[in-house]
Each structure stands twice: as C-alpha cells, then as structure tokens.
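Below is one structure; the comments refer to it alone.
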Amino acid sequence: MPELPEVETTLRGITPALLNQRIAAITVRNPALRIPVGESVRKACGRSIARLHRRAKYLLIDTPPADNPSREDDGGLMIHLGMSGSLRICAPDSPLRRHDHVELSLQNGVCLRFNDPRRFGIFTWWDAPSETHPLLRELGPEPLGKAFNGPYLHRRARGLRVAVKNFLMDSRVVVGVGNIYASEALHLAGIHPVRAAGRVSLARYETLVAATREVLQEAIRQGGTTLRDFTAPDSQPGYFAQELRVYERAGEPCLRCGAQVRKRVIGQRSTYFCVNCQR
DNA sequence: AGTGCGGCCTGTCCGC
DNA sequence: TGCGGACAGGCCGCAC
C-alpha cells in the first residue's frame, strides 16, 4: 500500500493523539509480521512518547526512559506499513477488525491499532538510536531533503545500466519512492522509465529531482493516494488518486499530449508511461 | 558490484 | 456458484 506520502499522512494523523502520552499497555493479537512481534515491544510500556518521526517509510516512536527523558532516541517503537498495513486511532472498546495485529493503549484512554492483512509490515522495538537499526543504516537520502539533488543522482547513476525507474525505487539511492510515484515522477520529468540510469544527463536528473519532490509534496497535501484501501488514522481516504497522470491509466489519453498511456512490466512491477512525452 | 528474480502473505477481481 | 490464476502501493536475500 503505502509509499512516502501515505506514511507521512499516517504520521501526521497519529501524532496529535500520541505525543507526550504514556503507554499503558501493548497487546499483541497476532505476532506474525515480516519480523515477528516479540516480547521486547513491552519495553515501551510505562514510557512516554517524546517524539514521533519518520525515516524513509519507517514510523519511529521515541520513548526515552523515564529516568533520563533527554535521551530521546534511547529506545522506541519502529513501525513499517509494508504493502497493506495501516494505523488507526480509536476508543479501546471499539470493535476489533480482521488482521488487527498490535494495539497500543495510552493512559489517556486512546488506542492505536496496527492492522495488516498481508503481514509485510513491521512493528518492533529497537533499543538504540533508530538510525543504527540494520534496516535503516544503509538507506539513501530523503527525497524532500537537500541531499537529494541532480548532481547526487547523476553521480550515483554513473555506469549503471539498470532502468532509471528501478534506480529511482532503490532505497539505497533515495528512499520513499515506490511504484506509483516513480511512474508519476518520470512522466512529469519526461524520462522514459526503461532508459538506463547511467544514460540520463545531469540536466534531466535535475528535472527528475524537481518532479519527484513535486509529486510527493502534492500527494502529501492531498492526504496520500487511496487506490484500494489506504486510509489515514482517522479512517479518511487520500485524494491524490484524482491527480495521477499515468498510474493505472493504461489506454487513456496522456494528459499532456493525448497519446495513449502504455503499461509495461519493469522489474516485475507495472509501469505506466507515455512513449510520446517520455524519452 | 550490479542486476534480476523469488518469496513473503491475504484479498480481490476476472475469465472460464 | 465455484475455482484457478493474476495481480496489488514493499523490500529482503540470494544467485549469477
């Protein structure tokens, strides 16, 4: 399901309800996730939530120990929504849903539930600062940060023959760009998704960086993209699907030139593009 | 080292 | 109405 805008929407949705609240209990109803939910998540019990933030598509809930609240990163919960995960804020007595895996009960009575039908998500505890976690250590820059720029992409792409779309979706290169937004950004930038990453000029990488930022920021503004089942923590859908230029629009006219949008599988993922506008 | 692919899961939809 | 197969927004780990 979720790419960066959906994770960001989720973060913004849960933050007001969780910030500075004490965690009273954690209930694991089904530990079967990409990483099995272990007993260690209980370490968060009794601690207060000092900060909620995001790195790539990981949601990080910092719960510093009560005896030393200034050490914000000393332990916290790490959540990844995988393909089908979602978080929702609800009352403790609200009915459980199929595939509710973990539940966080706060002292103020609010409840956070993690639901994930396909179980590709993660809900885990990490003792050390989150950036030292093996899954976060090797990640590339944030797409909305300064380190993601034309010269950087151009340099990283040197000599690579992989399709530029796969390159853009490689989390060691840049994080947060998934299958929807890769197609969208490449269309906006006028770059053919199959073009070898090493054969894209610096100028066009500058354009691609701007396009990626624009697409992601607009999607965040619209509350993410709801194609099938994404909802924010308040159960509201995202509205960016209305703005999609090529994704899932095979056969329909390109909004720029009117040619038919094509669909093609690249790296086992459906890819949408306009052969006329993208070279 | 870069590249491509299988696999993890369930739910939904489509064609027969 | 049932059934098999394809497909779905992520990402790791492995073989070449």
Side-chain angles (χ1 to χ4, degrees), chain A residues 1-10 29-37 54-59 78-87 97-101 114-124 133-140 143 155-186 193-199 212 215-216 218-220 222-232 237-250 263-272:
Chain A
M1 162 196 29
E3 301 187 33
L4 189 142
E6 293 72 46
V7 177
E8 182 66 27
T9 298
T10 298
R29 302 187 188 277
N30 180 358
L33 290 174
R34 180 145 76 90
I35 300 171
V37 184
R54 175 187 63 73
R55 170 73 175 113
K57 294 172 192 165
Y58 294 89
L59 288 161
M78 203 176 99
I79 300 171
H80 194 289
L81 302 179
M83 204 89 137
S84 58
S86 63
L87 289 169
R97 297 182 192 172
R98 195 163 156 72
H99 306 301
D100 276 348
H101 284 258
F114 178 74
N115 186 286
D116 187 6
R118 288 175 72 182
R119 308 186 198 165
F120 292 163
I122 294 171
F123 193 114
T124 194
H133 193 283
L135 292 172
L136 275 69
R137 223 180 310 162
E138 312 289 332
L139 293 176
R155 177 167 49 77
R156 286 294 303 262
R158 198 171 297 155
L160 298 189
R161 277 176 294 182
V162 69
V164 63
K165 188 206 176 210
N166 292 345
F167 176 68
L168 189 61
M169 289 176 65
D170 185 336
S171 63
R172 293 163 304 178
V173 175
V174 60
V175 300
V177 185
N179 202 38
I180 298 179
Y181 299 112
S183 279
E184 294 297 309
L186 287 165
V194 174
R195 175 173 281 274
R199 303 200 54 178
T212 304
V215 165
L216 293 177
E218 185 55 24
I220 291 169
Q222 300 279 337
T225 300
T226 298
L227 287 183
R228 288 158 197 92
D229 50 12
F230 171 74
T231 56
Y239 293 98
F240 192 69
Q242 301 164 22
E243 320 277 328
L244 295 174
R245 295 155 161 269
V246 285
Y247 195 82
E248 288 197 335
R249 289 194 62 245
K263 173 181 174 174
R264 185 164 152 186
V265 175
I266 303 171
Q268 299 148 282
R269 311 302 296 276
S270 294
T271 306
Y272 299 83

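Chain naming here is simple, since letters A, B, ... match the order of the sequence lines and numbering starts at 1 in each. In this text, all values refer to a predicted model and were calculated from it rather than measured experimentally. Just the heavy atoms: all of them, side chains too, but no hydrogens, waters or symmetry mates, feed the values below.
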*Specify the residue among A/Gln268 and A/Val162 whose closest nucleotide of DNA chain B lies further upstream toward the 5′ end.*
A/Val162
_Nearest-angstrom distance from the residue atom CD of A/Glu248 to P of C/dA8_ = 8 Å
*Where does the chain A footprint on DNA chain B start and end, counting 5' to 3' with a 4.0 Å heavy-atom cut-off?*
B/dG2 to B/dG11
*Roughly, in whole Å, what's the span from CD in A/Glu6 to C1' in C/dG10?*
12 Å
_Under the criterion of centre distance below 5.5 Å and interplanar angle below 30°, is A/Phe120 classified as stacked on the base of C/dG10?_
yes
*Provide the distance between the two P atoms, one in B/dT3 and one in C/dG9, to the nearest whole Å.*
23 Å
_A/Ser183 side chain to A/Tyr272 backbone, donor-acceptor under 3.5 Å_ = yes
*Do side-chain atoms of A/Ser171 reach the backbone of A/Val175 as a donor and acceptor pair under 3.5 angstrom?*
no
*How does DNA chain B look in dot-bracket notation if pairs are Watson-Crick or G-U with both distances under 3.5 Å, crossing ones as [ ], other-strand ones as |?*
.|||||||.|||||||
_Between A/Arg119 and A/Gly121 (side chain of the first, backbone of the second, donor and acceptor by atom type, cut-off under 3.5 Å), is there such a pair?_
no
*Donor-acceptor contact below 3.5 Å, side chain A/Glu184 vs main chain A/Val246*: yes
*Which pair of non-hydrogen atoms, one from A/Asn30 and one from A/His101, has the smallest distance, and what is that distance?*
O-ND1, 2.8 Å
*Identify, with sequence neighbours excluded, every residue that meets side-chain hydrogen bond (donor to acceptor under 3.5 Å, both in side chains) alongside A/Arg228.*
A/Glu248
*Atom CD of A/Glu184 to atom P of C/dG9: distance rounded to whole Å?*
13 Å
*Within this structure, what is the OH-to-C1' distance between A/Tyr247 and C/dG9, rounded to whole angstrom?*
6 Å
*asked:* Using the P atom as the point on both nucleotides, what is the distance between B/dC9 and C/dC14, in whole Å?
replied: 16 Å
*Protein proximity profile, nucleotides 11-16 of chain C - base contact B, sugar-phosphate-only contact S, no contact -, cut-off 4.0 Å on heavy atoms*: SS----
*Would you say A/Glu6's side chain and A/Glu3's backbone share a donor-acceptor pair under 3.5 angstrom?*
yes
*Would you confirm whether A/Arg199, through its side chain, and A/Arg195, through its main-chain N or O, come within 3.5 Å as a donor-acceptor pair?*
no
_Mind checking if A/Arg228 touches a base, just sugar-phosphate, or nothing, with heavy atoms under 4.0 Å?_
base
_Sub-4.5 Å side-chain heavy-atom contact between A/Pro2 and A/Thr10_ = no
*Taking A/Arg269 for its side chain and A/Gly178 for its backbone only, find out whether a donor-acceptor pair lies under 3.5 Å.*
no
*Return the value, rounded to whole Å, for the distance between atom CG of A/Asp116 and atom P of C/dG9.*
15 Å
*asked:* Need one value for A/Tyr181: base, sugar-phosphate or nothing, where a base atom within 4.0 Å counts as base even if backbone is also close, heavy atoms only.
replied: nothing
Produce the list of close N/O pairs, under 3.5 Å, pairing protein atoms with atoms of nucleotides 4-7 of chain C; give distances to one decimal.
none

*Okay, side chain of A/Asn166, backbone of A/Ala163: is any donor-acceptor separation there less than 3.5 Å?*
no
*Validation row: A/Val194, A/Lys165 side chains within 4.5 angstrom (heavy atoms)*: no
*Among A/Ile79, A/Ile35, A/Leu59, A/Asp116, which residue meets the side chain to side chain contact (heavy atoms under 4.5 Å, CB included) test with A/Phe123?*
A/Ile79
*Test ring pair (Phe, Tyr, Trp, His ring centres under 6.0 Å) applied to A/Tyr58 - qualifying residues, sequence neighbours left out*: A/His80
